[in-house]
Asks: 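Here's a structure for you.
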Amino acid sequence: MHILVINCGSSSVKSEIINTISGDRILEMNIHRILDTPIIECDGEEIHCEKTGHDFVLNKAFPLLLQKIGDITINAIGHRVVHGGQAFDEPVMITNEVKKAIEELNPLAPLHNPINLLGIQIAEQYFTDIPHVAVFDTAFHATLPRRAKTYAIPHTLSQKYNIQRYGFHGTSHEYVAKEAARFLNSNIKDLRIITCHLGNGSSMAAIEYGRSVETSMGMTPLEGLVMGTRSGDIDAGILLYLQQKENLSIKEIDDLLNKKSGLKGISGDTNDMRDIIEKAAQGDDHCRLAIQVFAHRIRKYIGAYSAVMGGVDVIVFTGGIGENSPMVRHRSTQRLDYLGAIINEDKNHDIHLSKDNPIGEFSWNHSKVKLLAIQTDEQLSIARQTEKLIQEDLKVNTIPPIPVAISARHIHLSRETLDQLFGEGYELTVKKPLSQPGQFAANETVQVIGPKNQFETVRILGPVRSKNQLEISRTDEFFLGIDAPIRESGKTENTPGCVLVGPKGKVQIHDGVICAWRHIHMTPQDAEIFGVVDRDIVDVKIQSDERSLVFGNVLIRVSPKYKLEMHIDTDEGNAAEIGKGATGVLYITTDGNAQLTKKKLKTV
Ligand code: AMP
């Protein structure tokens with residue numbers, strides 16, 4: 001497909017027609033200095049505008065672009081929108097409702113969203129007969145767990161003003177994480193990746209088995225790493241202190257943090273890392289300090305994010321600085337041997353990324369953690385997300401409902417643990433067969449003891465497995481006093497343990513306690529009907545008598561052994577007030593907001 005990607009920023013606009021398969025650019029139009037001396041560059045032509053401002057310049061630029069497009073077919077337009085707030089957790093077809101929702105998010109991104117929206121509105125006047133899609137910078141981080149996105153301020157204020165960590169650069173973090181998995185011949189859902197997007201704006205993300213679980217930017221793009229002109233993390237007390245001492249207005253504090261800090265503030269000179277590196281080499285102490293603070297903050301976050309994910313498999317560097325500066329990569333990743341990340345200095349120096357060579361590895365072969373520099377391509381990612389959305393929207397409506405089953409807390413035991421709890425060679429006895437072929441609820445139960453409380457009887461599900469796995473709900477977790485991560489079945493690495501007691505013994509298991517990731521079992525034939533593949537993540541609307549509910553982030557599990565069924569835990573079942581015989585309907589795509597859902601529910 002050919003997708004026109006429009007990235008309408010406050011002082012410049014970048015637009016490209018991209019072939020989504022090859023990534024080739026068919027035509028480009030760039031507009032610079034819109035607010036002072038606007039110049040439109042398109043297909044070798046350069047036009048100087050007599051007036052400034054987006055309205056005037058875009059109304060001149062889009063007709064020119066249309067003329068240059070001639071008879072090239074464009075299938076859709078993908079618009080970059082910076083803030084999707086809580087309303088948008090994935091790309092969405094633009095409608096009047098969607099535009100209104102983007103406008104309502106203006107207070108969260110006053111410098112970006114109004115301009116993004118203006119770009120959409122003007123483009124719609126010229127490109128009338130093709131779909132327009134919005135792709136949000138925040139969407140990839142919508143999976144952040146509550147513990148990561150909540151600020152420790154009164155919850156009444158957070159709720160009133162939608163204050164939470166949203167995160168940005170999502171398109172880039174997602175793109176390079178997927179490229180890393182592809183390069184390593186792995187599935188992203190098997191990897192814990194830390195991505196460092198280091199450019200004029202910089203941020204990092206912890207991507208655990210395909211989902212963003214932490215990111216350094218917050219409600220606004222000001223939090224986190226040291227940036228070109230932004231401070232990143234700062235003690236809020238400093239602002240109160242400076243406000244008093246210097247009698248600063250809100251606008252002056254805003255300017256101080258967004259425009260005068262970061263590399264520019266510390267160096268006292270420039271926000272350009274190349275110049276800072278050069279001056280540091282000539283002995284400028286402020287520039288030396290700027291580099292040290294910049295890299296120290298990245299190292300600190302690498303340690304923090306490894307702790308959050310219980311380890312790391314890949315660390316990726318991208319953005320103008322991450323892609324091009326061996327020195328910054330070296331300073332950020334040296335002495336990470338304790339994590340299993342061992343930098344190969346020669347390879348690091350030899351990396352020269354280009355379109356034909358967009359990925360370079362700079363770890364030793366024996367390094368457990370892979371270190372990669374990857375050229376990001378946010379425009380291509382926007383084009384591909386746009387293409388995916390419109391293809392899904394064209395799909396025909398032939399999908400059956402999915403039965404929903406509630407899994408009460410239960411445990412799977414290994415042969416060894418069963419022997420320890422019930423005696424050598426003990427065989428479980430069948431109380432009731434389960435819907436998944438070969439599985440059964442056993443008559444036997446165990447006592448589960450956590451740091452805070454205990455459950456006297458937890459049902460064992462058979463047959464025995466290679467690893468122990470205790471599946472509990474969030475409510476159970478707080479009752480037992482265990483902090484269990486959300487995991488798919490079988491992924492028990494770096495999870496907490498507990499004590500188990502059976503009739504013949506007591507065992508301390510060191511890992512295996514999880515909150516099961518809600519999931520749908522299906523056969524390959526079902527998967528074909530639904531248009532999904534194993535380990536896709538989808539949204540499901542539960543049709544309940546009492547209270548319908550949409551569950552996001554549902555994992556698809558495909559195997560010829562499975563029977564079509566969705567499994568949720570007791571908390572989730574209670575939330576939807578699910579009775580017997582409830583069914584779910586797979587949303588092919590959603591806006592992540594019930595009010596805004598305008599896409600077809602594809603059901604028979
Ligand atoms: P971006 O915002 O991703 O375009 O990145 C811009 C930043 O990348 C600026 O600070 C540039 O100085 C920096 N940069 C570009 N090339 C290099 C390089 N070879 N070495 C160090 N920094 C670079």
Side-chain angles (χ1 to χ4, degrees), residues 5 7-14 16 28 30-33 80 82 111-112 137 168-177 179 195-205 215-217 221-222 224-232 258-282 284 286-298 316-334 345 347-355 357-360 362 372-382:
V5 176
N7 182 347
C8 184
S10 51
S11 61
S12 64
V13 177
K14 199 171 163 62
E16 297 177 308
E28 285 184 40
N30 292 310
I31 311 174
H32 310 282
R33 296 197 294 243
R80 174 181 180 222
V82 167
L111 300 180
H112 299 102
D137 261 25
F168 297 85
H169 289 145
T171 312
S172 177
H173 288 295
E174 182 177 10
Y175 178 81
V176 295
E179 285 296 290
T195 46
C196 313
H197 178 110
L198 312 177
N200 208 12
S202 296
S203 70
M204 285 173 59
T215 191
S216 58
M217 283 179 169
L222 185 51
L225 300 181
V226 175
M227 303 179 222
T229 59
R230 282 174 250 163
S231 65
N258 278 301
K259 298 191 180 151
K260 298 182 181 164
S261 297
L263 294 174
K264 185 171 181 182
I266 304 174
S267 71
D269 182 10
T270 170
N271 61 329
D272 194 303
M273 187 53 107
R274 270 169 303 201
D275 296 343
I276 290 179
I277 292 173
E278 206 176 303
K279 287 187 177 150
Q282 289 159 7
D284 183 321
H286 294 295
C287 288
R288 286 183 173 175
L289 182 61
I291 295 169
Q292 285 171 330
V293 179
F294 185 84
H296 172 79
R297 183 96 39 107
I298 296 166
V316 179
F317 286 78
T318 191
I321 301 172
E323 290 168 25
N324 297 308
S325 173
M327 196 261 273
V328 169
R329 291 195 299 261
H330 158 82
R331 283 177 176 271
S332 309
T333 56
Q334 52 157 345
E345 302 289 358
K347 282 191 187 172
N348 183 37
H349 272 94
D350 289 345
I351 288 177
H352 299 285
L353 301 183
S354 64
K355 184 175 181 300
N357 185 28
I359 303 186
F362 62 101
L372 303 177
I374 303 184
Q375 209 172 46
T376 194
D377 193 341
E378 288 164 286
Q379 305 284 104
L380 175 59
S381 174
I382 293 173

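Both counts, for ligands and for their atoms, begin at 1 and track the order of listing.
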Asks: Assess the residue pair His169 and Thr215 against the criterion (side chain to side chain donor-acceptor pair (under 3.5 Å)); give the C-alpha distance rounded to whole Å, side-chain angles, the decisive distance to 0.1 Å, and a yes or no.
Replies: CA-CA 10 Å; His169 289 145; Thr215 191; over 6 Å; no
Asks: Is it the case that more than 12 heavy atoms not belonging to His32 sit under 6.0 Å from its NE2 atom?
Replies: yes
Asks: Among protein heavy atoms, which lies nearest atom 16 (N) of ligand 1, and at what distance?
Replies: Asn324 ND2, 3.5 Å
Asks: Is there at least one pair of N or O atoms, one from Asp272 and one from ligand 1, spaced under 3.5 Å apart?
Replies: yes
Asks: Report the member of Gly320, Gly201, Gly199 with the shortest heavy-atom distance to atom 14 (N) of ligand 1.
Replies: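 Going through Gly320, Gly201, Gly199 one by one, Gly320 has the nearest heavy atom to atom 14 (N) of ligand 1.
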Asks: Using only atom types and a distance under 3.5 Å, with no angle test, would you say the side chain of Ser216 pairs donor to acceptor with the backbone of Met204?
Replies: yes
Asks: Counting both backbone and side chain atoms, is some N or O of Ser325 under 3.5 Å from an N or O of ligand 1?
Replies: no
Asks: Does any N or O of ligand 1 fall below 3.5 Å from an N or O anywhere on Ile277, backbone included?
Replies: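 No, there is no polar N/O contact under 3.5 Å.
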Asks: Between Leu198 and Met273, is there a side-chain heavy-atom distance shorter than 4.5 Å?
Replies: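 No, too far: nothing below the 4.5 Å cut-off.
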Asks: Which atoms of ligand 1 have any heavy atom of Asn200 under 4.0 Å away?
Replies: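 In order of numbering, the contacting atoms are 1 (P), 2 (O), 5 (O), 6 (C).
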Asks: What protein heavy atom lies closest to atom 13 (C) of ligand 1? Include the residue and the distance to one decimal.
Replies: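 Scanning the protein heavy atoms, the shortest distance from atom 13 (C) of ligand 1 goes to Ile321 CG1, 3.5 Å.
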Asks: Please identify which atoms of ligand 1 are closer than 4.0 Å to at least one heavy atom of Met273.
Replies: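 Matching atoms, with element in brackets: 10 (O), 12 (O), 22 (N).
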Asks: So, the side chain of Ser267 versus the backbone of Leu263: is there a donor-acceptor pair under 3.5 Å, distance only?
Replies: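 Flag set: sc Ser267 to bb Leu263 pair under 3.5 Å.
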Asks: Indicate yes or no: at least one non-hydrogen side-chain atom of Ile374 is less than 4.5 angstrom from one of Pro358.
Replies: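 A side-chain contact is absent here, since even the closest heavy-atom pair is not under 4.5 Å.
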Asks: Side chain of Arg80, backbone of Asp137: donor and acceptor closer than 3.5 Å?
Replies: no
Asks: Please work out whether any backbone atom (N, CA, C, O) or any side-chain heavy atom from C-beta onward of Asn271 is under 4.0 Å from ligand 1, and answer side chain, backbone, both or neither.
Replies: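 Answer for Asn271: backbone.
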